[in-house]
Amino acid sequence: MFAAASLVLALSGALMGAATPALAQAYTQAVPSGPPIRLFPPPETTAAPDVGSGVGRVLDDPLASPGPSAAPLALTPPVHTPSFDVVPTVAPPSAIAVESLGPLDPDGAGPLAGAAGLGDDPWRGIPRAEVLALLPELPTLTPSPAVKELQRRLLLSRGSPAAAPGEPEPARRFGALRVEKLAAMGDPRGAADLAALLPEAMTADEAAARALTDAELLAGPLDCAAATERAKPFAGPYWQRVELFCRLRAGRIGGGPSTEAGAGPAGDDLAFEMLREQPGGDPDFLRVAEAMAGGPAPRPRSLKDPSPLTLAALRALQAALPPDVLSLTDPARLAAVASNTGADPATRVTAAERAAVALFLDSRRLEEAYRAAPAKGDELLRLKDAAARDRTARTRALVQQAMLAAMGGGRRVELAGLALELLDPPMLAGPVGAVVADMLDTLSPTPDAAALAPAAARLCFALGRADKGKRWYDLALRSRPTAEVARLWPLAVIALGPPPGGGALGLAGWLDESLRGADPEARARVAGQLGLLQAMGVAVPEEAWRRTADPEETTPTPADARPPTADPALWQRLVEASADRRVGETALAGLLLLGNAGPAGTPPAVVARVVGALRAVGLDSDARAIAREAAAALAG
């Protein structure tokens with residue numbers, strides 16, 4: 001073999017020619033003299049390899065030299081038929097089944113695919129009819145950012161459920177229902193992105209088209225070009241009013257003040273005349289539209305049920321709003337009220353906070369509304385007394401204003417503590433909590449702020465600001481080893497992951513501190529925290545569960561039992577879907593079980609079941625965010 005390798009090297013050197021004569025000469029000198037070397041055995045000596053004798057087998061050590069009796073390795077296949085003793089028998093292929101694929105579902109389009117959404121086939125395993133029945137029930141008023149984000153990704157993910165054989169076409173299509181739900185939950189941008197991919201569904205579903213247009217009107221500003229294109233398949237007074245609003249906003253109607261209502265440039269316009277004559281119109285909008293066209297400024301005395309068009313027109317005029325507008329319960333309309341700079345500041349701040357709690361207004365716009373609320377007299381100096389009797393949006397606004405004006409460190413710590421005390425559990429993870437967390441960012445977690453540490457850590461963890469939460473949590477452990485700090489341990493484990501060796505407190509230490517003198521309500525809270533920890537993968541021994549049980553109960557409730565308030569059909573659907581790794585169905589059932597209450601307002605056993613199911617189908621980040629919000633509520 002050495003000779004054969006040397007001959008190959010020599011031939012390579014010869015091909016290099018005169019460019020490397022010295023190297024070629026060195027290679028040729030390496031070939032021993034003598035007769036030509038045969039690369040293959042003679043045909044008459046070729047035989048089938050004998051497995052038993054070891055002749056022709058590959059050496060166990062490829063670097064060892066073959067013995068004198070070893071035959072050279074064959075470089076070409078043998079010419080005879082090999083023995084079937086060494087050739088494996090291959091089973092014949094099975095019959096090929098041919099199935100015809102149905103047409104691609106146009107409702108399956110979506111701007112999110114793969115890991116950005118819920119995977120490549122999120123709706124595998126659930127019939128279309130069941131999805132269409134459950135989709136309208138998804139929550140729209142949840143205070144939970146984690147729930148809203150999971151729901152948004154579910155609706156925007158690419159893919160659609162399969163129809164059963166022979167199933168008739170539904171009254172409303174899957175794509176249109178997704179657009180309508182996104183609009184209703186306060187995501188007009190996501191709804192518009194999805195609608196752009198579903199032209200067929202949108203041209204056949206006026207309800208979805210109107211829902212998207214209303215959402216854009218309330219969030220503002222309306223994309224009039226897109227709205228005009230969306231309106232083409234439809235006719236009726238609603239779309240005529242939208243067209244009139246767009247023309248007024250562009251200044252293509254009117255141009256001067258009128259002397260009386262209904263007269264002047266606005267009264268002469270054909271669009272106004274047509275809309276006035278139609279029954280069941282929107283008189284509030286028409287009055288505001290006349291003002292946009294140059295008529296007298298609107299002074300509505302009551303707006304108990306204004307349309308999105310009316311609120312958008314009032315915002316365009318920056319017109320004043322009557323106090324009864326706060327009787328609205330729709331957070332999307334309250335957000336439109338909050339963004340109207342012509343509204344009374346007290347009305348604006350109340351509407352802004354209520355919209356922000358439902359996640360229809362972000363923290364930046366909420367801060368703007370807070371700063372616009374005026375203080376009376378020496379209110380900023382007596383905030384502690386005011387907070388004791390008034391936990392309204394206006395008090396929280398005054399605390400923020402005082403924080404902006406405070407210079408001394410002690411005063412700033414006092415105001416930050418007051419802001420933390422005014423936070424209710426549903427506010428922690430949303431924009432209201434984010435405004436207070438921004439106030440905390442102006443402080444350092446030093447010993448002089450130790451009194452704030454437990455509440456500050458809880459807030460930061462609830463918001464997903466793990467690094468800042470850890471600094472406050474470490475300060476709390478160093479300075480306030482109390483039951484208040486002990487209650488934070490499960491939240492810290494969920495937000496940061498289990499510490500090495502259990503950390504300074506650990507499961508046993510947390511249980512000792514939390515169960516000391518605990519009443520049934522406190523025991524139930526500890527059991528809920530245990531359930532969340534176990535759902536997140538923390539090993540919880542049986543002894544820990546026994547310690548949380550009520551001593552007076554003869555038959556303790558199993559840790560994984562369904563709470564009586566949870567829908568049994570949804571509970572079972574969640575269990576079966578997660579076991580079969582049906583991602584879309586698992587997320588759908590989990591969202592419905594959490595409902596508008598969200599993790600902070602749902603029984604911990606239900607939240608734990610949802611968290612465990614989401615982790616089972618690979619949605620770990622969503623599971624952790626939901627568990628974190630629930631644990632923050634229990635840590636208070």
Side-chain angles (χ1 to χ4, degrees), residues 145-146 403 408-423 425 427-430 433-516 522 525-526 528-530 532-534 536-540 544 599-600 620-621 624-636:
M403 186 71 172
R411 174 63 171 166
R412 296 176 67 79
V413 169
E414 177 188 0
L415 289 170
L418 194 57
L420 288 167
E421 290 177 12
L422 289 170
L423 283 177
M427 299 175 175
L428 288 172
V435 171
V436 178
D438 291 342
M439 295 169 60
L440 290 174
D441 287 346
T442 64
L443 304 174
S444 298
T446 53
D448 59 342
L452 303 178
R458 176 192 181 205
L459 174 61
C460 292
F461 284 147
L463 289 164
R465 304 183 183 185
D467 291 341
K468 295 176 181 178
K470 186 178 185 306
R471 289 196 287 270
W472 287 107
Y473 180 60
D474 290 342
L475 175 61
L477 289 175
R478 292 194 304 268
S479 54
R480 291 172 62 88
T482 62
E484 183 183 10
V485 177
R487 285 198 296 269
L488 289 173
W489 184 80
L491 173 59
V493 170
I494 291 171
L496 302 172
L505 195 62
L507 180 64
W510 164 66
L511 281 175
D512 290 341
E513 190 67 41
S514 299
L515 293 175
R516 185 177 294 116
R525 182 176 65 242
V526 174
Q529 291 171 307
L530 273 180
L532 292 173
L533 288 170
Q534 184 169 275
M536 287 302 300
V538 177
V540 178
D620 294 80
S621 60
R624 185 175 298 278
I626 289 173
R628 191 178 62 231
E629 291 183 14
L634 291 171

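Here the structure is a predicted model, which means the values were calculated and not measured.
Rounding to the nearest 0.5 Å places CZ of Arg471 at 8.5 Å from SG of Cys460. To the nearest 0.5 Å, the span separating CZ on Phe461 from CG on Leu488 amounts to 7.5 Å. Here the CE atom belonging to Met439 is positioned 6.5 Å from the CG atom belonging to Leu415, to the nearest 0.5 angstrom.
Nearest heavy-atom pair, Met536 versus Ile494, reported as atom, atom and distance to 0.1 Å: CG-CG1, 4.3 Å. Scanning both residues, Leu532 and Ala631, for their nearest heavy atoms gives CD1-N, 3.8 Å. The nearest pair of heavy atoms linking Leu452 to Gly417 is CD2-CA, 3.2 Å. The two atoms that bring Arg458 and Ala633 nearest to each other are NH2-O, 3.8 Å, heavy atoms only. Here the shortest heavy-atom pairing between Ala544 and Leu511 reads CB-CD1, 3.6 Å. The shortest heavy-atom contact between Val485 and Ala476 is CG2-O, 3.9 Å.
Side-chain atoms of Leu530 and Leu507, non-hydrogen and from C-beta on, do get closer than 4.5 Å to each other. Using a 4.5 Å cut-off on side-chain heavy atoms (C-beta onward), Leu420 and Leu440 make contact. Within the 4.5 Å cutoff, the side chain of Lys470 has heavy atoms near those of the Asp474 side chain.
Judged by distance alone, with hydrogens and angles left aside, the side-chain atoms of Glu629 form no donor-acceptor pair with the main-chain N or O of Ala429 at under 3.5 Å. No donor-acceptor pair closer than 3.5 Å links the side chain of Arg624 to the backbone N or O of Ala495. The backbone N or O of Met403 sits less than 3.5 Å from a side-chain atom of Arg412, completing a donor-acceptor pair.
With sequence neighbours excluded, the residues that form a side-chain contact (heavy atoms from CB on, under 4.5 Å) with Pro490 are Trp510, Gln529, Leu533.
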Quiz: residues 443-451 side-chain donor-acceptor pairs under 3.5 angstrom, not counting sequence neighbours:
unit_1	atom_1	unit_2	atom_2	d
Thr446	OG1	Ser444	O	3.4
Thr446	OG1	Asp448	OD1	2.3

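Between Arg487 and Glu484 there is no salt bridge, since no side-chain nitrogen of the basic residue lies less than 4.0 Å from a carboxylate oxygen of the acidic one.
More than 12 heavy atoms of other shown residues, nucleotides or ligands fall within 6.0 angstrom of atom CG in Asp441.
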